[in-house]
K.L.:
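Pasting a structure here, questions to come.
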Amino acid sequence: MEECISVFDMLKIGVGPSSSHTLGPWRAAERFLEELKNESILDQIKRVKVDLYGSLSLTGKGHATDLSVMLGLSGQDPEYIPVENIAGIIKTIEDRNEIILANQHTIPFYFLQDIVFNKDFLPFHANGLKFTAYKADDSEYESTFYSIGGGFVVKEERTNAKINEVIKCAFPFPIQNAVELLNYTVSENKSISEIVYENEKSMRPEAEIHSELMRIWNTMLECMYIGCHTGGILPGGLNVRRRAFDMHQNLIGLSNYSDPQSWLEEIRKTEVKFRQILKWVSCFALAVNEVNASLGRVVTAPTNGSAGVIPAVLMYYLVIENHNAGEKEIKQFLMVAGEIGSIFKKGSTISAAMGGCQAEIGVSSSMAAAALCELMGGTPAQVLMAAEIAMEHHLGLTCDPIGGLVQIPCIERNTMGAIKAINAAELALETDSKNAKVPLDKVINTMWQTAKDMNSKYKETSEGGLAIAVNMADC
């Protein structure tokens, strides 16, 4: 059986600013707590130490890795925690020098001592973290996790086990690469979204698929709405001014609306010219990643750093291209995007710490291009071509966040990824797929080879590129 990766694995609801450096460590802390419970030793723990390694250490402060670990150890859920409560929870831990493990067992916790930033890399993956629990009898329990991108967390022993324990499932249409996906669409005479839907139905009821896809979209919509209606300066010390607010005000004027859905309807009434379209798409992408940069709730798509591309392109379709579009098209878009993302994850990486920003913005642009192409009437072959075109023009993109913050150049890069996705979809629609020279699987392989060849300075370490050319003082 092929590895089973659901749309809901690729599109996760969580808290910013980073899927690999915030959401992943948060989930790792949750899994560590589960291990302590399974060992029946949670109430015996007197101290916990967390060691962060490699990229998690080098850019952990800017990505709130230390905060996410504390929240995870506290038993908070990133999908449902009220984001307005985060600062208060962290302050309580810091002021009292104690943490309530799993919201059940209180222990001393000195975050400056008990979270250790180690610059050396563990051999298995660039994003490693080790939890050490000290018991009352002075024995220890250790567990090491790796945040491999997109909020996915693994353990090395599980990955390298003789019997592969990665969660598998009996998809009716198991997919490892783009060729297999295309073959299914031909043999079954179905679109890509229809193939994906059949796979999803093997895992959960149709009503749940519908409700969860719409919950993902509504989270994206609310995120864009919040970002477009929030001004000021982003946290972190770079003094980055939010731009979506001013751009949005200039675009929408004095329109009347009261919630995200009525806001969407009002945007449909605005002037549509090329410059306005560019501004709207950029505004949507900026809005999402400004929310992400301020520890707001976003959808990892496929990562937090690239969370603005997919909602911006889908919103473009809804407010510019097809005013009659609704739930059917939204679900179709998300299913195609999720499947393309899963193929990249299987064949390459979605972790900037492993592959640079081509693994984040590049993959999200590819996902969005494919999804838009299907909604615009593209054949499955054209949909895959759109995904290939988008990634082809992100190959080699570095990850070099200034100050380790998911702000510069990350926020703007989402606007570029969204615009490229739209352009890639249009190019694919105007091309006979028989004339394609570069198959999607080839560009995925090339991306992975590029990732392996890339200097580690350009893989989310803040040790190269803009991260050192522009320092905090310049900002």
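All heavy atoms count here, side chains included; hydrogens, waters and symmetry mates do not. Along the sequence shown, the residues carry numbers beginning at 1.
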K.L.:
Check whether K279 reaches the backbone of L251 with its side chain - one donor and one acceptor, N or O, closer than 3.5 Å.
P.N.:
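Not at all, since once roles are kept as given, no pair shorter than 3.5 Å links the two residues.
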K.L.:
I'd like to know if the side chain of E194 reaches the main chain of S191, judged simply by a donor and an acceptor atom lying under 3.5 Å from each other, with no hydrogens or angles considered.
P.N.:
yes
K.L.:
Using atom types as modelled and distance alone, determine if a side-chain donor or acceptor of K12 lies under 3.5 Å from a backbone N or O of G150.
P.N.:
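It does hold such a pair.
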K.L.:
Between E327 and L213, is any pair of side-chain heavy atoms under 4.5 Å apart?
P.N.:
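Side chain of E327 against side chain of L213, heavy atoms only: no contact under 4.5 Å found.
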K.L.:
For E198, I'd like to know if atom CD has over 12 heavy atoms of other residues, nucleotides or ligands within 6.0 Å.
P.N.:
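Above 12, so yes.
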K.L.:
With E271 as reference, evaluate K273, R275, K269 under the salt bridge (charged side-chain N to carboxylate O under 4.0 Å, His left out) test and give the passing residue.
P.N.:
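Single salt bridge (charged side-chain N to carboxylate O under 4.0 Å, His left out) partner of E271 among K273, R275, K269: K273.
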K.L.:
Any chance the side chains of T230 and E290 put a donor and an acceptor closer than 3.5 Å?
P.N.:
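Their side chains do not contain a donor-acceptor pair, so the 3.5 Å distance test is not met.
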K.L.:
Is there a side-chain contact between M10 and I350 (heavy atoms, below 4.5 Å)?
P.N.:
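Yes, side chains in contact.
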K.L.:
With the threshold set at 4.0 Å, does a side-chain nitrogen-carboxylate oxygen contact exist between R31 and E35?
P.N.:
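No, this pair does not count.
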K.L.:
Are side-chain N/O atoms of Q382 and T431 paired as donor and acceptor at under 3.5 Å?
P.N.:
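Looking only at side-chain atoms, T431 and Q382 do not form any donor-acceptor pair under 3.5 Å.
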K.L.:
Looking only at heavy atoms, which two atoms of P380 and T185 are closest? And how far apart?
P.N.:
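Looking at all heavy atoms of both residues, the closest pair is CB-OG1, 3.5 Å.
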K.L.:
To the nearest 0.5 angstrom, please state how far the CD1 atom of I361 sits from the OG1 atom of T303.
P.N.:
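Going from the CD1 atom of I361 to the OG1 atom of T303 covers 6.5 Å.
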K.L.:
Does any donor atom in the side chain of Y197 or E206 lie under 3.5 Å from an acceptor atom in the other side chain?
P.N.:
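On atom types as modelled, these side chains qualify, holding a pair under 3.5 Å.
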K.L.:
Could you tell me whether a side-chain N or O of S55 sits under 3.5 Å from a main-chain N or O of E460, the two making a donor and an acceptor?
P.N.:
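Indeed, once roles are kept as given, a pair shorter than 3.5 Å links the two residues.
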K.L.:
Answer yes or no: is there an ion pair linking R243 with E412, defined by an N-O contact shorter than 4.0 Å?
P.N.:
yes
K.L.:
Backbone N or O of H21 within a donor-acceptor pair of the T65 side chain at under 3.5 Å?
P.N.:
yes
K.L.:
Is the shortest side-chain N to carboxylate O distance from K346 to E180 below 4.0 Å?
P.N.:
no
K.L.:
Start with the C-alpha distance between E339 and S342, add both sets of side-chain angles, then the distance that settles side-chain hydrogen bond (donor to acceptor under 3.5 Å, both in side chains), and finish with yes or no.
P.N.:
CA-CA 5 Å; E339 185 58 47; S342 77; 3.2 Å; yes
K.L.:
Does N189, at its CG atom, have more than 12 non-hydrogen atoms belonging to other residues, nucleotides or ligands within less than 6.0 Å?
P.N.:
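Atom CG in N189 is not crowded, with 12 or fewer foreign heavy atoms closer than 6.0 Å.
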K.L.:
Considering only NZ, NE, NH1 and NH2 on the basic side and carboxylate oxygens on the acidic side, decide whether K345 and D9 come within less than 4.0 Å.
P.N.:
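Salt bridge: no.
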K.L.:
Would you indicate whether E430, at its atom CD, is surrounded by more than 12 heavy atoms from other residues, nucleotides or ligands within a distance under 6.0 Å?
P.N.:
no
K.L.:
Taking CG in D259 as the centre, count heavy atoms belonging to other residues, nucleotides or ligands within less than 6.0 Å. Is the count above 12?
P.N.:
yes
K.L.:
Hey, is the main chain of I389 close enough, under 3.5 Å, to the side chain of K420 for a donor-acceptor pair?
P.N.:
no
K.L.:
Check this for me, if you would: do E30 and R27 make a salt bridge, where the nitrogen-to-carboxylate-oxygen distance has to be below 4.0 angstrom?
P.N.:
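Answer for the salt bridge query: yes.
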K.L.:
For H248, run the side-chain hydrogen bond (donor to acceptor under 3.5 Å, both in side chains) check against W280, Y225, W263 and tell me which one passes.
P.N.:
W263
K.L.:
Shortest non-hydrogen contact from A451 to Q358?
P.N.:
N-NE2, 3.5 Å
K.L.:
So which heavy atom on A425 is nearest to which on C373, and how close?
P.N.:
CB-N, 4.0 Å
K.L.:
Are side-chain heavy atoms of L264 and I267 found at a separation under 4.5 Å?
P.N.:
no
K.L.:
Checking S462 side chain against P401 main chain: does a donor-acceptor pair fall under 3.5 Å?
P.N.:
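Checking the backbone N and O of P401 against the side chain of S462, a donor-acceptor pair under 3.5 Å is found.
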K.L.:
Taking atom types as modelled and ignoring hydrogens, do the side chains of S211 and E208 form a donor-acceptor contact shorter than 3.5 angstrom?
P.N.:
no
K.L.:
Could you check whether any side-chain heavy atom of V69 comes within less than 4.5 Å of a side-chain heavy atom of F131, counting everything from C-beta outward?
P.N.:
yes
K.L.:
Check the pair E156, Y146 against side-chain contact (heavy atoms from CB on, under 4.5 Å), reporting the backbone distance first and the verdict last.
P.N.:
CA-CA 8 Å; E156 183 176 3; Y146 299 90; 3.5 Å; yes
K.L.:
Determine, stepwise, if the pair M447 / T349 fulfils side-chain contact (heavy atoms from CB on, under 4.5 Å).
P.N.:
CA-CA 9 Å; M447 177 198 152; T349 180; 4.1 Å; yes
K.L.:
I'd like to check R204 versus E212 (side-chain heavy atoms, cut-off strictly below 4.5 Å). Are they in contact?
P.N.:
no
K.L.:
Report the C-alpha separation of V363 and M391 in whole Å, then their side-chain angles, then the decisive distance to 0.1 Å, and conclude whether the side-chain contact (heavy atoms from CB on, under 4.5 Å) test is met.
P.N.:
CA-CA 6 Å; V363 173; M391 173 50 72; 3.8 Å; yes
K.L.:
Between the main-chain N or O of Y53 and the side-chain N or O of S57, is there a donor-acceptor pair closer than 3.5 Å?
P.N.:
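A pair under 3.5 Å: no.
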K.L.:
Quick one: CD1 on I89 to CG on L67, what's the gap to the nearest 0.5 Å?
P.N.:
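Answer for the CD1-CG pair, I89 versus L67, is 11.5 Å.
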K.L.:
In this structure, are over 12 heavy atoms from other groups packed under 6.0 Å from K442 atom NZ?
P.N.:
no
K.L.:
Check for a donor-acceptor pair, side chain of S74 on one end and backbone N or O of Q76 on the other, with a separation under 3.5 Å.
P.N.:
no
K.L.:
As a test of understanding, state which of L23, I13, V15 forms a side chain to side chain contact (heavy atoms under 4.5 Å, CB included) with E79.
P.N.:
I13
K.L.:
Just so I know, are the side chains of F333 and I310 near enough to count as touching, which here means a heavy-atom distance under 4.5 Å?
P.N.:
yes
K.L.:
Heavy atoms only: give me the nearest L11-A301 pair and the separation to one decimal.
P.N.:
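Taking L11 first and A301 second, the nearest heavy atoms are CD2-CB, 3.7 Å.
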K.L.:
How long is the gap from CG on L314 to CD1 on I330, to the nearest 0.5 Å?
P.N.:
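Answer rounded to 0.5 Å: 6.0 Å.
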K.L.:
In Å and rounded to the nearest 0.5 Å, what is the OG to CD distance from S193 to Q332?
P.N.:
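Going from the OG atom of S193 to the CD atom of Q332 covers 4.0 Å.
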K.L.:
Yes or no on side-chain contact (heavy atoms from CB on, under 4.5 Å) for L440 and L181, after CA distance, side-chain angles and deciding distance?
P.N.:
CA-CA 11 Å; L440 177 56; L181 174 57; over 6 Å; no
K.L.:
Hey, are the side chains of T415 and V281 touching, using non-hydrogen atoms and a 4.5 Å cut-off?
P.N.:
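Sidechains of V281 and T415: no contact.
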K.L.:
For the side chain of R297 and the backbone of P78, is there at least one donor-acceptor N/O pair under 3.5 Å apart?
P.N.:
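Yes; at least one donor-acceptor contact below 3.5 Å.
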K.L.:
Between atom CD1 of I90 and atom CG of D66, what is the distance when rounded to the nearest 0.5 Å?
P.N.:
8.0 Å
K.L.:
For residues M385 and A428, report the shortest heavy-atom separation together with the two atoms involved.
P.N.:
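Between these two residues, the closest heavy atoms are SD-CA, 3.9 Å.
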K.L.:
Could you tell me whether the side chain of S306 reaches within less than 4.5 Å of the side chain of N414, counting heavy atoms only?
P.N.:
yes
K.L.:
Provide the closest heavy-atom pair for C223 versus V298 in the form atom of the first, atom of the second, distance.
P.N.:
SG-CG1, 3.6 Å
K.L.:
Supply the atom-to-atom distance F284 CZ to L318 CG, rounded to the nearest 0.5 angstrom.
P.N.:
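Going from the CZ atom of F284 to the CG atom of L318 covers 9.5 Å.
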